[in-house]
There are 2 protein chains.
Amino acid sequence: MAARQQSIFKALADPTRRSIIRTLRKGSLTAGELAEQFPITRASLSHHFAILKAADLVRTERRGQHIVYSLNATVMEEMMALLMDLFAPETAGDKKQKGGGAR
Amino acid sequence: MAARQQSIFKALADPTRRSIIRTLRKGSLTAGELAEQFPITRASLSHHFAILKAADLVRTERRGQHIVYSLNATVMEEMMALLMDLFAPETAGDKKQKGGGAR
DNA sequence: CCGTAATTTAGATAATTATCTAAATATTTG
DNA sequence: CAAATATTTAGATAATTATCTAAATTACGG
């Protein structure tokens, strides 16, 4: 559970990946179409895709020889929950931490 | 403007820093009091404090020989705005990006 | 002022990560 | 099946970053 949280925050830490997300808001695109928008190699983009997928921020679907990337629609809600958990004043499911350094 | 956004997402990407934020929800603490909660050196924590401060997620106030850390109260709202900007469907202030790779 | 306590800064190191090129895999079409 | 196209995987490298120890800074109390 904490692992998913970490994967999401990590995924959002990179500006290229945030840019991919913003691009996908307008609609799903194939890896190639996405690649046209970014000045890095397709291999590097593929690496970013994998990280976004691992965080379940995007979903994929094969369509013929293309792979279509879409935003995971439920993500907005999840992010709200994460933010609440981070900033909201003290919830029930909260643990004190001392010597369990998160890393 | 994009720089601040990056500094915030970067700051939140580290689990120790998120833990610091959660700890500060319960109230302001001195650097030393915070240090008691974490299994890393004070020097390392100071580094994390600097990053949180650079993102303006926490504020500091000197009180005698102590330095008191507090959550920046407006941050929740700012994060909402960032999320909207990331996920919400197409705002006015949006720029297309092609060859200006965010980095 | 001097000594002590609190915190940060400097400098070094190890781990992580973003990127590249080259090669591998998967899918369609002739 | 062979050739072409789309995408990912492998392996290497350079940059970033989390952490440490040691030293510097800042403030207080006698």
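Numbers restart at 1 for each chain; the letters A, B, ... are given by sequence-line order, proteins then strands. Values reported hereafter were calculated over all heavy atoms of this structure, with side chains retained and with hydrogens, waters and symmetry mates removed.
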When you measure from the side-chain N and O atoms of [X] to the phosphate of [N], is any distance below 4.0 Å, counting only OP1 and OP2?
{"X": "B/R62", "N": "D/dT26", "result": "no"}
{"X": "B/S44", "N": "D/dA18", "result": "no"}
{"X": "B/Y69", "N": "C/dA6", "result": "no"}
{"X": "A/K10", "N": "C/dT16", "result": "no"}
{"X": "A/S46", "N": "D/dT7", "result": "no"}
{"X": "A/R63", "N": "C/dT27", "result": "no"}
{"X": "A/H48", "N": "C/dT19", "result": "yes"}
{"X": "A/H66", "N": "D/dA6", "result": "no"}
{"X": "B/T30", "N": "C/dT7", "result": "yes"}

Over how many whole Å does the gap from [X] atom [atom1] to [N] atom [atom2] extend?
{"X": "A/H47", "N": "D/dT13", "atom1": "NE2", "atom2": "P", "result": "18 Å"}
{"X": "A/R42", "N": "C/dA22", "atom1": "CZ", "atom2": "C1'", "result": "16 Å"}
{"X": "B/I67", "N": "D/dT26", "atom1": "CD1", "atom2": "P", "result": "10 Å"}
{"X": "A/L34", "N": "D/dT7", "atom1": "CG", "atom2": "P", "result": "9 Å"}
{"X": "B/I51", "N": "D/dT16", "atom1": "CD1", "atom2": "C1'", "result": "11 Å"}
{"X": "A/D14", "N": "C/dA18", "atom1": "CG", "atom2": "P", "result": "5 Å"}

Quiz item: Do B/R17 side-chain atoms and B/H48 backbone N/O form a donor-acceptor pair below 3.5 Å?
Solution: no
Quiz prompt | Side-chain (B/R42) to main-chain (B/A35) donor-acceptor, under 3.5 angstrom | solution = no
Quiz item: So, A/E61 and A/R63, do they make that salt bridge, N to O below 4.0 Å?
Solution: yes
Self-check item: Whichever of A/Q65 and B/E33 has its nearest DNA chain C nucleotide further upstream toward 5'
Solution: B/E33
Quiz item: Are B/D85 and B/Q5 close enough, and set up right, to give a side-chain contact (heavy atoms from CB on, under 4.5 Å), and what steps lead you there?
Solution: CA-CA 10 Å; B/D85 182 49; B/Q5 185 164 331; 3.8 Å; yes
Quiz item: Does CE belonging to A/M76 count more than 12 external heavy atoms closer than 6.0 Å?
Solution: yes
